[in-house]
There are 2 protein chains.
Amino acid sequence: MSTPGPRRITIKDVAELAGVGVATVSRVLSGGSASAETRERVLDAATKLDYRPSALGRNLRQQRSGGVALLVPDITDGFYARLCDGVLSCARSYREPVTIGVTGDDAEQEADLVGGLLEQSMDRIIAVPSGDGEMWASVVRAGLNVVFADRRVWSAGQHARTLDEVPAVLSDDRSGLRTAIEYLTGLGHRKIGFLARQGMNQRVAAFREVMGDLLDEDLVVFARASRDSAYAAAAGLFQRRADLTAVIAGGNMLGEAAVLAARELYVRIPRDLSLIMFDDVPWAELCSPPLTVIAQPASDVGYRAAELVLRHGRRPRTVSLPTELIVRSSCGPRR
Amino acid sequence: MSTPGPRRITIKDVAELAGVGVATVSRVLSGGSASAETRERVLDAATKLDYRPSALGRNLRQQRSGGVALLVPDITDGFYARLCDGVLSCARSYREPVTIGVTGDDAEQEADLVGGLLEQSMDRIIAVPSGDGEMWASVVRAGLNVVFADRRVWSAGQHARTLDEVPAVLSDDRSGLRTAIEYLTGLGHRKIGFLARQGMNQRVAAFREVMGDLLDEDLVVFARASRDSAYAAAAGLFQRRADLTAVIAGGNMLGEAAVLAARELYVRIPRDLSLIMFDDVPWAELCSPPLTVIAQPASDVGYRAAELVLRHGRRPRTVSLPTELIVRSSCGPRR
DNA sequence: AATGATGATGGAATCGTTTCCATGAGCACT
DNA sequence: AGTGCTCATGGAAACGATTCCATCATCATT
């Protein structure tokens, strides 16, 4: 069926043509020391033969496969798509392949995925973590090079130490939220709701903190990862609490759900309800009315995380990227 | 710094504990023949030691690394994000890791990426191809297992044969376009424009064909992959041809650009201009006015493509998935 | 001149798996 | 009893790189 084909060019061929040993070729090609003359001969031979080192051989020897793994909850969500894009673009400049896995914000799936990566001897992971600290702690202790992006796992119990060591690139939810809430209170709003997705602990915590006395725990609701669940959460909140005058959606899917639910229930934005959404997606401007948003540097988060995991130099504990309130037309004064 | 740690459990350890040779262990674990008793002993030993085969060793021996590569123009585009999601979800059920690369619809970057994959000895690629046939033909001849998704490369010259053999999963642009154009002509439109992105040859060809006598070549315009370019193309078209009464956007980024440009230029949709967009994204419904779209089964395209490349059974040449016109409010009668 | 330090070099081991091949046992048939 | 067949089995050879280690040359220092 398939012809034997031309044998792959190996380091041995290069060594032979250059009249040196394989060890020397390896050294030259990976930047080790060698005399100028030898170096030239080797390089010559390599180009003449169009030699491409096999990642397979290298990987086995080094007991680690190259490349980076990236775990996100949902690649279909514009925010994570941009985050991926950032990672991809950084990894590209290092010529490192990126393996992507979708966790669906589910601890079990995440653990599964990580298991697969372990089997592949992947030792660099960028993750938007969903699972419990237990699992991540064990991964870190196994010597894997982990960087968290967008959120980190809560240090719990005995693993606190291990997990606090893990670098993370986050967007500064708190400051964005603060600006947003100040903006809303400035417009007279007092009953402000928050639409969250499970796993958004950090963001919710920031909301609670910034709201301070104004906080009404009954106004923060959680949805699962699906669109339907987001819609249900939004619709439920709107119906349950007629006194609600403003709401902050914790992500673009939540925002979408809020707009839809509002429309369905004849709640007019911004007349009856002011809406601010986390994450500035292209359609926020196309929406009717154009949505006021807290813009997040999704792509930068990914890029920086990739840098952290790839450069591997001195590692700052955690970096926090600024968010920005972009005012459009979805907020109005309290009526 | 790092402790030597417990040595990895290898097949040799299992063999020793089970009192058999490594060859036997390998056979048992990969479903070869062995006596019932031996099989049990091996399986026992493996679980007792919590043995995980190393993908590295296997890969080197088999001269191919597992997993699938996926090349898309832009992961930030909702359509391709869904396509990725489909691939990911299929690959998951085969426990195969997926490596994603972004081509930016650029032949050179694509070739670069493919080079990287070659180096990794990846031999299964799902691609939304951007590059020339030359390159893909050589990849296919090198024995790689390629499946095209969303579009295929045009068979040119001597490579026609090779490339026609490559399976592809496409969405049936033609039928969707036909319905859309019939819908528009039914509303009285005659001057119908098409906003395309470079590389959308197939879709443009379908447009030309379906339009037949109505086709005005001056009304089909091309943009590059960026948002800005899409906006420029749309705005340019709207300004240049005041007699335009309807336009079809070849993708969601083009549609977005069209809405924005129209708004900017005080072109009212659907009063002054009817708009139909390829791809039903969540925000199409949130847009003002809600957009009439040609829905594409992006996720299915990805899923089927992954199936094709992974199952590798008898391979149908090409499969075409249906598209559907979803009428909302962005089209009106010609004025 | 003897000694030591430095640097370039190549042979060989190593990584963990799959697979080729030879061996030997068991069995049926002549 | 001898022959041939089918199995299960294990040793050993790949796969292609990196890297340890020993060797040797060169040069400076005492």
Side-chain angles (χ1 to χ4, degrees), chain A residues 4-43 45-46 49-67 95 97 118-123 143, chain B residues 4-43 45-46 49-67 95 116 118-123 143:
Chain A
R7 202 176 40 75
R8 195 189 216 293
I9 305 289
T10 76
I11 201 174
K12 218 169 158 182
D13 301 311
V14 179
E16 200 163 334
L17 179 59
V20 299
V22 290
T24 305
V25 176
S26 172
R27 268 188 301 257
V28 168
L29 261 29
S30 47
S33 70
S35 75
E37 195 222 336
T38 311
R39 160 163 287 118
E40 195 186 352
R41 280 227 309 283
V42 169
L43 260 23
L49 293 175
D50 189 34
Y51 166 67
R52 307 292 169 96
S54 151
L56 262 32
R58 190 206 333 269
N59 289 349
L60 176 57
R61 173 61 224 237
Q62 305 195 143
Q63 292 286 75
R64 59 196 289 284
S65 65
R95 312 209 78 234
L118 265 274
E119 192 161 308
Q120 302 288 326
S121 300
M122 285 254 167
D123 65 345
Chain B
R7 204 176 39 75
R8 194 190 219 293
I9 304 289
T10 76
I11 200 173
K12 216 169 158 183
D13 301 312
V14 179
E16 200 164 332
L17 179 58
V20 299
V22 290
T24 305
V25 176
S26 173
R27 267 188 302 256
V28 168
L29 262 28
S30 46
S33 70
S35 74
E37 196 223 337
T38 311
R39 160 162 287 119
E40 194 185 352
R41 279 227 309 284
V42 169
L43 259 24
L49 293 174
D50 188 33
Y51 165 68
R52 307 292 169 97
S54 149
L56 262 33
R58 187 200 342 262
N59 289 348
L60 176 57
R61 172 62 222 235
Q62 305 195 142
Q63 292 285 77
R64 58 196 289 285
S65 62
R95 312 210 77 232
L118 267 272
E119 192 162 306
Q120 302 287 328
S121 300
M122 285 256 168
D123 66 344

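Bear in mind the structure is a predicted one, so any value in this text is a computation, not a measurement. Below, all heavy atoms of this structure are taken into account, side chains as well, without hydrogens, waters or symmetry copies.
Of all heavy-atom pairs between B:Pro53 and B:Arg58, the closest is CB-NH2, 4.1 Å.
Distances shown here put every side-chain N or O of A:Ser54 at or beyond 4.0 Å from the OP1 or OP2 atom of D:dG16. In this structure, B:Ser35 reaches the D:dT9 phosphate: one of its side-chain N or O atoms is under 4.0 Å from OP1 or OP2. Contact annotation: B:Gln62 does not reach the phosphate of D:dC15 (side-chain N/O to OP1 or OP2, under 4.0 Å). The phosphate of D:dG16 (OP1 or OP2) has no side-chain N or O of A:Arg58 nearer than 4.0 angstrom. The shortest distance between the side-chain N/O atoms of B:Ser33 and the OP1/OP2 oxygens of D:dA8 is below 4.0 Å. Residue A:Thr10 places none of its side-chain N or O atoms closer than 4.0 Å to OP1 or OP2 of D:dG16.
Under a 4.0 Å N-O distance rule, the pair B:Asp13/B:Arg7 qualifies as a salt bridge.
Residues B:Gly19 and A:Ala23 each lie close to DNA chain D; by heavy-atom proximity, the contact nearer the 5' end of the strand is made by B:Gly19.
Using a 4.0 Å heavy-atom cutoff across all strands shown, A:Ala34 reaches sugar-phosphate atoms only and no base atom. Nucleic acid contact class of B:Gly57 (heavy atoms, under 4.0 Å, all strands): base.
Taking atom CD of residue A:Gln63 and atom C1' of nucleotide C:dT17, one finds them 12 Å apart after rounding to whole Å. C:dC15 atom P lies 18 Å from atom CG of B:Asn59, rounded to whole Å. Remark: C1' of D:dT19 and CG of A:Leu29 are 15 Å apart, rounded to the nearest angstrom. Summarising the geometry, the separation between NZ on A:Lys12 and P on C:dG10 is reported as 15 Å, rounded to the nearest angstrom. Rounded to an integer number of Å, the gap from CG of B:Leu60 to P of C:dC15 is 13 Å. Across the protein-nucleic acid pair, B:Arg52 atom CZ and C:dT17 atom C1' stand 17 Å apart, rounded to whole Å. The CG atom of B:Leu56 sits 18 Å away from the P atom of C:dT14 (whole-angstrom rounding). In this entry the distance linking CZ of B:Arg64 with P of C:dT19 reads 11 Å, nearest Å.
Put simply, the side chain of B:Arg27 and the base of D:dG10 share a donor and an acceptor less than 3.5 Å apart. One donor-acceptor pair, N or O on each side, does fall under 3.5 Å between the base of C:dT18 and the side chain of B:Arg61.
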(request) Carefully, step by step, assess B:Lys12 and B:Glu16 under the rule salt bridge (Lys or Arg N to Asp or Glu O under 4.0 Å). (result) CA-CA 6 Å; B:Lys12 216 169 158 183; B:Glu16 200 164 332; over 6 Å; no

(request) Evaluate side chain to side chain contact (heavy atoms under 4.5 Å, CB included) for B:Leu43 paired with B:Leu29, printing each intermediate quantity in order. (result) CA-CA 8 Å; B:Leu43 259 24; B:Leu29 262 28; 3.7 Å; yes

(message) Show, in sequence, the C-alpha distance, side-chain angles and deciding distance for A:Ile9 and A:Arg52, and conclude whether the side chain to side chain contact (heavy atoms under 4.5 Å, CB included) test is met.
(response) CA-CA 7 Å; A:Ile9 305 289; A:Arg52 307 292 169 96; over 6 Å; no

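Among the nucleotides C:dG16, C:dA12, C:dT9, the one closest to any side-chain atom of A:Thr38 is C:dT9. When distances are taken from the side chain of A:Thr24 to each of C:dG10, C:dT19, D:dA8, the shortest belongs to C:dG10.
Enclosure of atom CZ in B:Arg95 is not indicated, since only 12 or fewer non-hydrogen atoms of other residues, nucleotides or ligands lie within 6.0 angstrom.
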